[in-house]
Amino acid sequence: MKYNFTDIERKWQEYWEVNQTFRTPDLDDLDKSMPKYYVLDMFPYPSGEGLHVGHPEGYTATDIVARFKRMKGFNVMHPIGWDAFGLSTEQYAIKTGVHPKIRTEECISKFRQQLKSLGFSYDWQREVGTSNEDYYKWTQWMFLKIYNSFYDEKENKAKPIEELDIPNGFSEKEKYEFVNSKRLAYLADVPVNWCPELGTVLSNEEVPEQIEKGFSVIKRNMRQWNLRITKYADRLLNDLEDLDWPKNVKDIQRNWIGKSEGATVVFEIKDNKGEFRKVEIYTTRPDTIYGATYLILAPEHKLVREITDVENSDKVESYLEKATRKSDLERTELSKEKSGVFTGAYAVNPLSRTEIPVLVADYVLASYGTGAIMGVPGHDERDSEFARKLSLPIIPVVLPEGLSEEQKAEFIEKTSTGEECFTGEGISINSEMINGLKTPEAISKVIQWLVKNENGKETVNFKLRDWLFSRQRFWGEPFPIIHFEDGTFKALAEDSLPLKLPEGVSYKPSGTGESPLAGIADWVNTIDPVTGLEVKRETNTMPQWAGSCWYFLRFLDPKNEKTFCDKKLEEFWMPVDLYIGGQEHSVLHLIYARFWYKILYDLGYVSHTEPFTKLFNQGMILGEDGVKMSKSRGNVINPDDVVREFGADSMRLFEMFMGPLEATKPWSTKGIEGLNRFLRRTWRLVIDEDTGELNKKIVEDHDDVLIIKLLNKTIKKVTDDIEDGDMKFNTAISYLMIFVNELYKVEKFSREAIEKFILLLSPFAPHISEELWSRLGNSPSIQNVPWPSYDPELVKEDVVTLVFQVNGKIRSKQEMEFDTDEKALEDAALDNENVKKHILGKQIVKIITVKNKMVNIVVK
RNA sequence: GCCGAAAUGGCGGAAUUGGUAGACGCACCGGACUCAAAAUCCGGCGAGGCUCAAACCUCGUAAGGGUUCGACUCCCUUUUUCGGCACCA
């Protein structure tokens, strides 16, 4: 009777389903004396392609941990669902005419069946999909909560909009505008990233990915919904500190948030009517202010036209025109050659009182800081390049420390000509008020002066921008917002949710840059139930990221109709203990979800500040040829084929054996054959293939001491490898292999040894383990059996191999009893023939002895 | 350009409070079983030297240097690969 993985896997998958083996009990039925463990996968987007081999990699890892924790007695939460709204389904719909809803259901069925075929221990009762009405009802509800909140700067948290202080004496209209200007979700006419091929806007976070796919992205002014994520920049940054996340993901998020500390400084400019205007600039180096030889405004800066004089007006206008026509991409790409024009105006340096020219240049971004900078060409690379191009003067104001008089003179000479540009910290020179001060002191002295003279202040800036939250799509959550004819708008009442997508109608693009929903008159035109007025619905939809911001909460209470998640359940299960997914979500999902969660926290709906305690990124699986799998290369491995040919257990085992989880590694068909061979060997260890009976080598009485010791070591190794959180299951599997190899070498082994081994194997290869477990006469499921423990005494070695070195070179090895004392080790080393040969006629300088390891004899 | 990670046999990868480099698997080679093949089982397998053989010797963890009795492991320099950012003042 051979190892028939197809039958075995089908049999046990059915068993698990029928018996609801992996169902997580309701809160009241849990054993509260045991800790909880929430292990989560990044839920998949169910595309038409079906699962690829990359999906099972992370899913197998979480499944191993989930099964292990259950056997350890933890209360385990291990759910799965679908990130079901999204662009590619909609594009498929446009191409084929199949409604996105139907298409989504088809794809989900396929995914579900594929995931089940791999034997993952999900609690399928908790399955959720973001495009289900009873799910997106709560996404909309949360949007309303965000919309109806403002950020209290004093308490540093979001609060309900009702608690907002409205200044006295405002008219109704002013009140309305004031409140809208404070909401955490707001409509604004802002320059957005428009992608013509997709026919929608994109958030800043989404742009790089789409450009990589070959799509173009242009800046365009559009009235769009935004979420005020920038209010949370500091908290998103600081709270990263305590998370058990990969360092690089934290770095990527820190970088994206991009905090910089500096100062804003006010300069006076004479405008083209001869009046004085104030302009604020931002700098991280206020100590270099004496070296500012010009001032630059971004082309979009409000003051540009006001200060440009008649003489320079044509030149400036044409420059502005060119700049607006460039896309962001062009503007950065063409930036190798800096450009700019003089406005004719001069600004006064508030400290040195010197007059410096004001220019317009597109290397200054309107969207960062104040949209204006002071040009310090001696100490900023970009300013240096610009100054050299336009022959602007350069004044050195920072001297590196530790230079000789001669070097100083050379430094000043080279800096003045633009040959050198020193951007580091040093000592201020040519800077009246701060001469001789080191950079940090110089900075604080300048800031003090600015504050005292009301000429500026210390300022913090972030690269992070508000989250552009609307898309011109059909297949997403509609905004529960209605627009009145007079241009005002308001939110729908919470009890009117969900606001459903129209069914059975056109979802094709409108062609006007508006959402397809705009073309569905029946849906768009409606009556406000409160005022009875004719209104139009908001036609944009939310981005795909909305639903994934909180799905991990819905898993805890998927059927609740009264709330998105019962507070008690949230308190018990959150935060997620282990979250595994791809690195592509380092910004995007992982920053949006943290932000969303913090709002829910501020408003009192969740009880923790961060949703994911430990994050782990699985690496990519490459094709057999060592490059990324792609259809065009024809190197795609289909998991269905693998399961059919080798079985789910072999696939799971192989994906874990390939290397550490986070590594990028190539697929290997020969490699999976090896793991299949291992399982067949394991099978034959238990089952006599000729008779189908148990192997005669299995006996009831005890093993020899070597097998017992090896078993204990194997238990320790496998347990440690799963528990330490490094996700290096390859070494655990290699120990399982060693154990099997050893059992092949002995005449007999005990039932206990093989049973414990099967328990160790079960999280990795659950089907064969269940089968062998029950064939050994035990009752299923193996999931309910406690994880084996080891005896620390039996893990210790009896004999160790000592290494004898002479001058650090290995000259001999010798087996000796564990814990033999140093003196005996030395004697043994000195008595060794080969060692003697190498120290003959030489003088022993010293002997270094490390217990149970080595003896090194140093000779001269 | 800046930030981060990595580089070990023919291949995937083990080994770090500094102490036997190459566990385990793949590929390959040899043997057993077989009429034969597959499957299976047993053994070998970093490079080179010496040898009938064993023993033994030299080199070897991207490259170069350093610290140390001893370095894949720590420090410095360089190269390459991957990921992120890219006029953020």
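Any value given below was found using the heavy atoms of this structure, including those in side chains, with hydrogens, waters and symmetry copies removed. Fair warning: this is a prediction, and the values are worked out from it, not measured in the lab. Proteins come first, then strands; the chains are lettered A, B, ... in the order of their sequence lines, and each starts at number 1.
- N834(A) comes within 4.0 angstrom of the backbone, heavy atoms only, and of no base.
- Of the candidates rG84(B), rC56(B), rA89(B), the closest approach to any side-chain atom of Y363(A) belongs to rA89(B).
- Residue contacts shown for S586(A) are absent, as no nucleic acid heavy atom lies under 4.0 Å away.
- When the side-chain nitrogen and oxygen atoms of R680(A) are compared with OP1 and OP2 of rU40(B), one or more of them lie within a distance under 4.0 Å.
- Note on M854(A): a base of the nucleic acid sits closer than 4.0 angstrom, heavy atoms only.
- With distances taken from any side-chain atom of K728(A) to the nucleotides rC59(B), rA14(B), rG19(B), the minimum falls on rA14(B).
- Judged by distance alone, the side chain of N193(A) and the main-chain N or O of L202(A) form a donor-acceptor pair under 3.5 Å.
- A donor-acceptor pair under 3.5 Å is absent between the side-chain atoms of N349(A) and the main chain of I356(A), judged by distance alone.
- With both ends at atom P, the span from rC75(B) to rG4(B) equals 14 Å, rounded to whole Å.
- Contacts of N856(A) with the nucleic acid, taken as non-hydrogen atoms under 4.0 Å apart, include base atoms.
- Judged purely by atom type and a 3.5 angstrom limit, S203(A) has no side-chain atom pairing as donor or acceptor with the backbone of W467(A).
- As a whole-Å value, the separation of K665(A) NZ from rC82(B) C1' is 14 Å.
- Sequence order on RNA chain B of the closest nucleotides to Q805(A) and E261(A) puts Q805(A) first from the 5' end.
- Pairing for rA38(B) is absent, judged as Watson-Crick or G-U wobble with the two contacts each under 3.5 Å.
- Side-chain N/O atoms of Y735(A) include none lying less than 4.0 angstrom from OP1 or OP2 on rC24(B).
- Side-chain atoms of V850(A) lie closest to rG19(B) of the nucleotides rG19(B), rA23(B), rU20(B).
- Minimum atom distance to the side chain of F657(A) is reached by rC24(B), of the listed rC41(B), rA89(B), rC24(B).
- Among the protein residues, G674(A) comes within range of the sugar-phosphate backbone only, with heavy atoms under 4.0 Å from sugar or phosphate atoms but none that close to a base.
- K670(A) comes within contact range of the sugar-phosphate backbone alone, with a heavy-atom separation under 4.0 Å but no base atom that close.
- The residue among M737(A) and Y282(A) whose nearest nucleotide of RNA chain B is located toward the 5' end is M737(A).
- Using a 4.0 Å heavy-atom cutoff across all strands shown, K853(A) reaches sugar-phosphate atoms only and no base atom.
- Rounded to whole Å, the separation between the P atoms of rU77(B) and rA5(B) comes to 15 Å.
- In this structure a side-chain-to-backbone donor-acceptor pair under 3.5 Å is missing from R811(A) to H838(A).
- R681(A) has a side-chain polar atom (N or O) that falls below the 4.0 Å cut-off from OP1 or OP2 of rC41(B).
- When the nucleotides rA89(B), rG4(B), rC42(B) are ranked by their closest atom to the side chain of T284(A), rA89(B) comes out on top.
- Here N741(A) lies in heavy-atom contact (under 4.0 Å) with sugar-phosphate atoms only.
- The nearest whole Å value for the distance from the CG atom in N852(A) to the P atom in rG19(B) is 14 Å.
- Among E655(A), E624(A), E57(A), the one residue that satisfies the salt bridge (charged side-chain N to carboxylate O under 4.0 Å, His left out) test with K665(A) is E57(A).
- I738(A) comes within 4.0 angstrom of the backbone, heavy atoms only, and of no base.
- Base pairing of rA21(B): no nucleotide in any strand meets the Watson-Crick or G-U wobble criterion (both distances under 3.5 Å).
- Using a 4.0 Å cut-off, no side-chain N or O of N730(A) falls inside it from OP1 or OP2 of rC24(B).
- To the nearest angstrom, C1' of rG4(B) lies 6 Å from NZ of K247(A).
- For rG60(B), the base is anti relative to its sugar; the glycosidic angle deviates from 0 by more than 90°.
- Side-chain N or O atoms of K697(A) include none that pairs as donor or acceptor with a backbone N or O of F749(A) at under 3.5 Å.
- If you take CD of E584(A) and C1' of rC82(B), they are 15 Å apart, rounded to a whole angstrom.
- Separating the C1' atom of rA15(B) from that of rU61(B) is a span of 11 Å, rounded to the nearest Å.
- The nearest whole Å value for the distance from the CG atom in L622(A) to the C1' atom in rG12(B) is 12 Å.
- Nearest nucleotide to the side chain of T731(A), out of rG25(B), rA15(B), rC69(B): rA15(B).
- Here the P atom of nucleotide rC85(B) and the CD atom of E205(A) are 10 Å apart, to the nearest Å.
- Ion pairing of E742(A) with K745(A) is present here, as a side-chain N (NZ or NE/NH1/NH2) and a carboxylate O approach within less than 4.0 Å.
- Here R254(A) lies out of heavy-atom contact (under 4.0 Å) with every strand.
- Under 4.0 angstrom from either OP1 or OP2 of rC69(B) there lies at least one side-chain N or O belonging to K846(A).
- Across all strands, I848(A) comes closer than 4.0 Å to base atoms (heavy-atom distances).
- Nearest heavy-atom pair across N676(A) and S650(A) is ND2-OG, 3.0 Å.
- Using C1' as the reference atom, rU40(B) and rC50(B) are 39 Å apart when rounded to the nearest Å.
- Between R684(A) and rC41(B), a side-chain N or O to OP1/OP2 separation shorter than 4.0 Å is present.
- Within the nucleic acid shown, H379(A) has no heavy atom closer than 4.0 Å to any nucleic acid atom.
- R811(A) has no side-chain polar atom (N or O) that falls below the 4.0 Å cut-off from OP1 or OP2 of rA55(B).
- Residue contacts for S668(A): at a heavy-atom cut-off of 4.0 Å it reaches no nucleic acid atom on any strand shown.
- Separating the CE atom of M620(A) from the C1' atom of rC82(B) is a distance of 9 Å, rounded to the nearest angstrom.
- In terms of modelled atom types and a separation under 3.5 Å, the side chain of N617(A) and the main chain of G581(A) share a donor-acceptor contact.
- The CZ-P distance, from F678(A) to rA39(B), rounds to 19 Å in whole Å.
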